[in-house]
Number of protein chains: 2
Amino acid sequence: MSRQAKDQLFQQIAQVAQAIANPHRLELLDLLVQAPRSVEQLALASAMSVANASQHLQRLKRAGLVIGDRHGTTIRYRLADPAVARLWTELRGVAVSQLAEVERALDQYRPQRRQFPTITPAALRAGIARGDTLLLDVRPAEEFAAGHLSGAISSPLEELPARLDELPADVLIVTYCRGPLCVYADEALEQIIASGRRGARLEEGIAEWQLAGNPVELLSA
Amino acid sequence: MSRQAKDQLFQQIAQVAQAIANPHRLELLDLLVQAPRSVEQLALASAMSVANASQHLQRLKRAGLVIGDRHGTTIRYRLADPAVARLWTELRGVAVSQLAEVERALDQYRPQRRQFPTITPAALRAGIARGDTLLLDVRPAEEFAAGHLSGAISSPLEELPARLDELPADVLIVTYCRGPLCVYADEALEQIIASGRRGARLEEGIAEWQLAGNPVELLSA
DNA sequence: AGGATATTCAATAATTCGATTGATTACTGG
DNA sequence: CCAGTAATCAATCGAATTATTGAATATCCT
């Protein structure tokens with residue numbers, strides 16, 4: 001029979017799985033979901049040496065998960081397809097829901113995640129429609145520019161202290177960032193609540209938001 | 001910073017990815033998507049030794065992807081969660097769409113896949129509603145019993161030659177099986193078309209069908 | 001053209017993975 | 001309680017993966 005052909009088929013698919021079966025490469029993908037970046041930026045953000053990051057990126061490229069475009073002297077890596085973001089989101093979802101150890105690791109990484117109120121996408125949309133809710137994107141400005149939730153205002157975490165006074169006091173301020181594995185929104189929320197305002201966190205990042213069929217905007221608002 | 005906690009988090013998630021980063025384990029998952037099975041059945045269906053299949057199953061179990069229930073002397077493995085089927089489907093989709101090598105391997109394994117007409121879920125539903133389309137599930141009877149497309153009739157590939165005469169000649173006969181990596185529906189279609197009937201293949205299996213929000217039935221019809 | 005910068009390549013050593021074999025454990029049925 | 005079957009465990013060896021280091025390319029800018 002064609003056991004040979006079958007083995008080869010599964011072998012090929014497994015190579016894609018092997019490409020994502022490494023913590024560093026997952027972190028690279030997690031960054032690239034937010035915005036394209038150069039090798040150096042990626043290495044810095046993920047605390048890897050440039051050579052190491054480069055090799056991992058090439059592994060991802062060979063598996064068809066990312067694409068590198070040359071822009072002058074730098075190479076800008078980006079996801080090869082939105083399906084890659086879905087794959088990463090699905091993998092993370094399975095890991096978080098099926099393994100208690102991941103929950104524990106997440107508690108370690110986001111110690112405040114159970115202290116602050118969260119809000120669902122549906123409740124958020126309703127609040128924005130009513131006009132009594134403000135949606136803050138606290139990621140770095142480049143990531144906001146590369147795509148953000150429709151209706152969000154950019155306020156990178158570093159600039160938030162300076163802008164805190166400008167925020168209205170009579171609305172619910174919802175923060176979001178890269179997604180459930182990101183601490184930015186928690187840290188922003190801490191400042192917002194400390195300032196006496198009402199706040200909540202949206203767990204979803206841009207990938208999860210889009211996956212659920214919600215609108216996304218490009219460029220700055 | 002909490003680079004340590006972050007590393008641990010990605011490390012944990014990568015372990016789930018490592019669990020699916022092996023061709024044999026992918027084949028086991030592909031089988032389990034269709035129906036629960038014993039270790040021996042899985043070993044037989046995937047051409048592995050029992051000891052080897054057992055070890056791979058335990059790896060999947062440790063990653064929270066499958067669950068083994070004891071039924072007397074045998075242990076019946078099943079998917080831990082429908083999200084696992086989604087993860088496998090998403091991985092396969094990325095592999096097929098991003099890597100030309102996978103396309104070629106698929107052509108090797110399903111040489112007839114471009115020769116026969118295919119049908120979309122939407123067209124299939126319309127045809128069934130009109131009453132001029134018959135949907136045949138050509139998988140083994142146990143898999144049909146564990147869950148099948150709503151409205152399908154079971155006719156395992158082995159029994160099809162004997163039943164071919166009973167099939168009506170004036171309707172479109174649509175075959176489906178485990179999904180895009182399965183040859184059963186192709187082989188059934190070959191017989192059906194050779195008998196002078198009109199036929200088409202549905203590429204979707206039960207997992208893809210369900211993922212698209214379509215109804216599924218349990219037990220036999 | 002030539003220096004500077006970003007990225008990749010090549011080689012190495014430590015670790016992990018995977019198939020096989022034979023022994024062991026868990027349960028059923030008599 | 002004992003024989004028989006299903007599944008797992010343990011130990012082994014060969015193969016694959018990974019981080020690190022230093023060298024090699026490719027492109028830009030003057």
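What you see is a predicted model; the values in this text were computed from it and never measured. Letters go in sequence order (proteins before strands), and every chain restarts at 1.
- Near-neighbour residues of DNA chain C inside residues 41-63 of chain B, defined by a heavy atom below 4.0 Å, number-ordered: B:Ala51, B:Asn52, B:Gln55, B:His56, B:Arg59.
- Going from atom CH2 of A:Trp88 over to atom CD1 of B:Ile13 covers 4.0 Å, rounded to the nearest 0.5 Å.
- Rounded to the nearest 0.5 angstrom, A:Leu57 CG and A:Arg62 CZ are separated by 11.5 Å.
- Between A:Ala207 and A:Val33, the closest heavy-atom pair is CB-CG1, 3.6 Å.
- In this structure, B:Arg37 atom CZ and D:dA6 atom P are separated by 17 Å, rounded to whole Å.
- A:Gln108 and B:Gln8 form no side-chain donor-acceptor contact under 3.5 Å, judged by distance and modelled atom types alone.
- Annotation: proximity of residues 11-36 of chain A to DNA chain C (heavy atom, distance under 4.0 Å) is found for no residue.
- In this structure, A:Leu189 and A:Ala200 approach most closely via the heavy-atom pair CD1-N, 3.5 Å.
- Between A:Arg78 and A:Asp69, at least one side-chain nitrogen of the basic residue sits less than 4.0 Å from a carboxylate oxygen of the acidic one, meeting the salt-bridge criterion.
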Pairs: protein N or O with nucleotides 23-27 of chain D N or O, under 3.5 Å:
none

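- In terms of heavy-atom proximity, B:Val216 sits nearest to B:Trp209 at CG2-CD1, 3.9 Å.
- For the pair B:Glu143 and B:Arg37, the salt-bridge criterion is met [side-chain N within less than 4.0 Å of a carboxylate O].
- Closest heavy-atom contact between A:Val16 and B:Leu99: CG2-CD1, 3.7 Å.
- Rounded to an integer number of Å, the gap from A:Glu40 CD to D:dC28 C1' is 15 Å.
- Electrostatic pairing of A:Glu27 and B:Arg3 counts as a salt bridge here, judged by a charged N lying under 4.0 Å from a carboxylate O.
- Looking at every heavy atom in both residues, B:Ser2 comes nearest to A:Tyr109 through OG-CE1, 3.4 Å.
- Extent of DNA chain C lying under 4.0 Å from chain A heavy atoms, first and last nucleotide in 5' to 3' order, is C:dT5 to C:dA10.
- By the neighbour-count criterion of 12 heavy atoms within 6.0 Å, atom CD of B:Gln115 is densely surrounded, having more than that number from other residues, nucleotides or ligands.
- Counting non-hydrogen atoms of other residues, nucleotides and ligands closer than 6.0 Å to CD of A:Glu158 gives a total of 12 or fewer.
- Comment: A:Arg201 engages A:Asp186 in a salt bridge, judged by a side-chain N to carboxylate O separation of less than 4.0 angstrom.
- The list of side-chain hydrogen bond (donor to acceptor under 3.5 Å, both in side chains) pairs with a residue in residues 44-54 of chain A, not counting sequence neighbours, reads A:Asn52-A:His56, A:Ser54-A:Gln58.
- Contact annotation: B:Tyr77 side-chain N/O to D:dT8 OP1/OP2 distance is under 4.0 Å.
- In this structure, the helix from C:dA1-D:dT30 to C:dG30-D:dC1 shows an angle of 40° between the axis at its start and the axis at its end, each fitted on 5 base pairs and rounded to 10°.
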